[in-house]
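Throughout, a chain's letter reflects where its sequence line sits, starting with A, and its residues are numbered from 1. Side chains included, hydrogens not; waters and symmetry mates left out as well; all remaining heavy atoms used.
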Protein chains: 2
Amino acid sequence: MKQKKRHVTLLDVAEHAGVSRATASLALRGSPNIAKATRDKVLASMQELGYVYDRIAANLRSRDSTTVGLIIMELANPFYSELLVGIHQELDKFGKTVILGTTFDSPAIQERLLSTMLEHRVGGIILSAAPGSDSETVNRILSRDIPVVLVNRTLRGAECDYVGIDNVKGGQIAAEYLIKKGHRSIAFLGGYSKLSSWQGRKQGFDSAHLAAGLTVDNSLVFESPATREGGIEVIQKLLKVSPLPTAAFCYNDTIAIGVMMKMRELGLVPGKDIAIVGFDDIPEAAIFSPKITTVSACTRMMGAYAARLLQARLEGSEADPQTVILEPELVVRQSCSPPDET
Amino acid sequence: MKQKKRHVTLLDVAEHAGVSRATASLALRGSPNIAKATRDKVLASMQELGYVYDRIAANLRSRDSTTVGLIIMELANPFYSELLVGIHQELDKFGKTVILGTTFDSPAIQERLLSTMLEHRVGGIILSAAPGSDSETVNRILSRDIPVVLVNRTLRGAECDYVGIDNVKGGQIAAEYLIKKGHRSIAFLGGYSKLSSWQGRKQGFDSAHLAAGLTVDNSLVFESPATREGGIEVIQKLLKVSPLPTAAFCYNDTIAIGVMMKMRELGLVPGKDIAIVGFDDIPEAAIFSPKITTVSACTRMMGAYAARLLQARLEGSEADPQTVILEPELVVRQSCSPPDET
DNA sequence: ACTTCTTTTTAGATCGATCTATTAAATCGA
DNA sequence: TCGATTTAATAGATCGATCTAAAAAGAAGT
């Protein structure tokens, strides 16, 4: 039953409709200087022959592109999958098709993905850069006239658009909240100090302490990968400290979840024995028990902004590099009791 | 500082190396009948000029494709994002680039996405079909010699490969487990009865009852969207029933989470007042409190299999349509107490 | 009827690569 | 040394569309 259909090209359509290839092309694209009768004839032939437009060939000739490359760290990570949703939905509105790549935070993989995407003639790239990657990488792409938008992670020296969140503010409101609740000894858990986002959050954390007349105890700062395992690792280190802090600000929600799971396993009551604030407001934060008080990074909106900035470039904007910094918001839930009176 | 580099083509490379375009092309691809000295010369010129291979143009001429279309329901859904991970990682190994589309379960959107992907000359398509979509859709693509692999959701009448899970078995082991724990009155919550996966799970659920000499009470079956909200909706309906069942099998984990959140909100103890078994084993299932006992759908593996089947077709396999059915596994956690003795 | 202007259509070159078929150079055997 | 064979390099057509520039057809003005 499987009959092999020959590939139908525009030339076949043109011949079937009794016009030239050029006319068929113009008709297809709804050019105003094709007579309506002719256009209808061409459209009918297309229908009849089962013609499929070859956008690839069209793009080759007209030197443009309807695809966009998207490079993120990982898909199995709620933060990035939310970001992906935001970007994907917005680009879809602009008729752009997304080509996906994940780096697992390896600059080498990132390099390979970028090459592949260039070979596929993407019109632009949205990049959440792997740590340790070079701004030279980005600038090399820009010099090929392919716009790049950085998202979530900035890259010093890259001359392109950037969308991120105000990490300083985020760290600050988290710490302010805990201080207001009466906490005086607050840990800072997880993440890597070489990431710009970590530095920002820490800075805000510190300045909230300063503003309240408190000093930050840097022996309560522990770094780790930004994973659930990282959280488990870091809470174990923290529990060796004496006296224990009454609260902890976690670099992100995933770490907070690891921390709290381990606490419960050890017979502690997360949120009560140690109050916890997370970061990102991933979907899990609302379903964990206790529900996690966290700093919302408006992740989807961040993705949408990135998509819009890129679209503007694709439409020819030559403006200076834009920077969009979103305001974080504290989402108060149930993971922060006031400190025990002892 | 921004100098506009002209696009470097293979012809430029050839001229720079002092050979013909054809030779440059062969050298680039490592053809055995190009002298090593010549190849080195060409490679050096490529390097020097900053040449970027245009895979799109190459694919046009050689009539093949390095891209694959992937169509799923939604990204912000742990099940599908796990599936995506499995597919994406495996395709990446084959050097295939993924073009992404989400249907939100709308056949109309699905149709549009398929068209777009065909226009982009994808080599093949992995599809988790929207409910109510037509097998004709798939067969039309197949008749264009573009292989399709269905994943997770089958489509009656579509003559192509399929990877799924044994839903009957899954429903059965879930019910068996609850029955063994002593439950005699078990609800079936969420999902839509028109989905083939729902029907399978229900069938297994029923047959486990039958095998234990129990009868299924169909007034304890409630349908809903497969979302957290669906779970909330469906537990409210269930709680109006009297006497209450002692256990519930949920169509998937997301529903189970909605159910349990709402239970807790109403002062009930999820897992104790009503024992809960979920389906899919999404990452959240392990972090929810209580940790959810669930039927693992081996989601990533499912994705990997789908990718492999497609790759086989792309390499020219003309075998009859293949069907891969994965065995589900019960993951016992903490959401199933035995029934209260009253 | 003839020029002028507009509208509609088209031939042929082109995008950047690969393919086919052929030629040029090198190697070899007698 | 010369033809036969193998190896290396190339010219020109081609993939399926768009673009440019020019031609053909139709409408309008005098």
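Comparing the start and finish of the helix from C/dA1-D/dT30 to C/dA30-D/dT1, five pairs each, the helix axis swings through 50°, to the nearest 10 degrees.
Not a single side chain to side chain donor-acceptor pair (under 3.5 Å) links B/S135 to another residue, sequence neighbours left out. The salt bridge (charged side-chain N to carboxylate O under 4.0 Å, His left out) test applied to B/E119 returns A/R55, not counting sequence neighbours. Partners of B/Q322 according to the side chain to side chain donor-acceptor pair (under 3.5 Å) rule, which considers only residues two or more places apart in sequence or in another chain, do not exist here. Applying the side chain to side chain donor-acceptor pair (under 3.5 Å) test to A/Q89 and every residue at least two apart in sequence or in another chain returns nothing.
Of the residues B/M302, B/M301, B/R308, the one that meets the side chain to side chain contact (heavy atoms under 4.5 Å, CB included) test with B/V163 is B/M302.
Shown for residues 12-28 of chain B: residues whose heavy atoms fall under 4.0 angstrom of DNA chain C, namely B/R21, B/A22, B/S25.
Residue pairs satisfying the salt bridge (charged side-chain N to carboxylate O under 4.0 Å, His left out) criterion with at least one member in residues 69-81 of chain A, sequence neighbours excluded, are absent. Judged as a side-chain hydrogen bond (donor to acceptor under 3.5 Å, both in side chains), the pairs with a partner in residues 27-39 of chain A (not counting sequence neighbours) are, in order, A/S25-A/R29, A/S31-A/N33.
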Set out, line by line, the N/O atom pairs under 3.5 Å between protein and nucleotides 24-28 of chain D.
none

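A donor-acceptor pair is defined here as one N or O able to donate and one able to accept, closer than 3.5 Å; such a pair exists between the side chain of A/S45 and the backbone of A/K41.
Nearer to the 5' terminus of DNA chain C, by closest-nucleotide assignment, is the contact made by A/I34 (compared with the other of A/I34 and B/V8). If B/A57 and B/A35 are placed on DNA chain D by their nearest nucleotide, the residue sitting closer to the 5' end is B/A35.
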Output side-chain donor-acceptor pairs under 3.5 Å for residues 46-53 of chain A, partner residues at least two apart or in another chain, one line each.
none

Solution key, residues 61-69 of chain A side-chain donor-acceptor pairs under 3.5 Å, sequence neighbours excluded:
| from | atom 1 | to | atom 2 | distance (Å) |
| --- | --- | --- | --- | --- |
| A/S62 | OG | A/A58 | O | 2.9 |
| A/S62 | OG | A/D64 | OD1 | 3.4 |
| A/S65 | OG | A/T67 | N | 3.2 |
| A/S65 | OG | A/T67 | O | 3.4 |
| A/S65 | OG | A/T67 | OG1 | 3.3 |
| A/S65 | OG | A/R121 | O | 2.8 |
| A/S65 | OG | A/G123 | N | 3.0 |
| A/T66 | OG1 | A/N59 | ND2 | 3.4 |
| A/T66 | OG1 | B/H120 | NE2 | 3.3 |

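Between B/E111 and B/R140 there is a salt bridge, since at least one side-chain N of the basic residue sits less than 4.0 Å from a carboxylate O of the acidic one.
Rounding to whole angstrom units, CG of residue A/N59 and C1' of D/dC19 are separated by 15 Å. Taking atom CG of A/L60 as the reference point, atom C1' of D/dC19 lies 13 Å away to the nearest angstrom.
Within 4.0 Å (heavy atoms only), A/R39 reaches no atom of the nucleic acid at all. Within the 4.0 angstrom heavy-atom criterion, only backbone atoms of the sugar-phosphate kind lie near B/D54; the bases stay farther away.
A 4.0 Å heavy-atom criterion places the boundary nucleotides of DNA chain C facing chain A at C/dT8 to C/dG16, written 5' to 3'.
For the residue pair B/T23 / B/S20, a side-chain donor-acceptor distance below 3.5 Å is found, with atom types taken as modelled.
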- prompt: Given the rule in the side chain to side chain contact (heavy atoms under 4.5 Å, CB included) test, do B/I71 and B/S128 qualify, once you have shown the distances and angles that lead to the verdict?
  reply: CA-CA 6 Å; B/I71 298 186; B/S128 183; over 6 Å; no

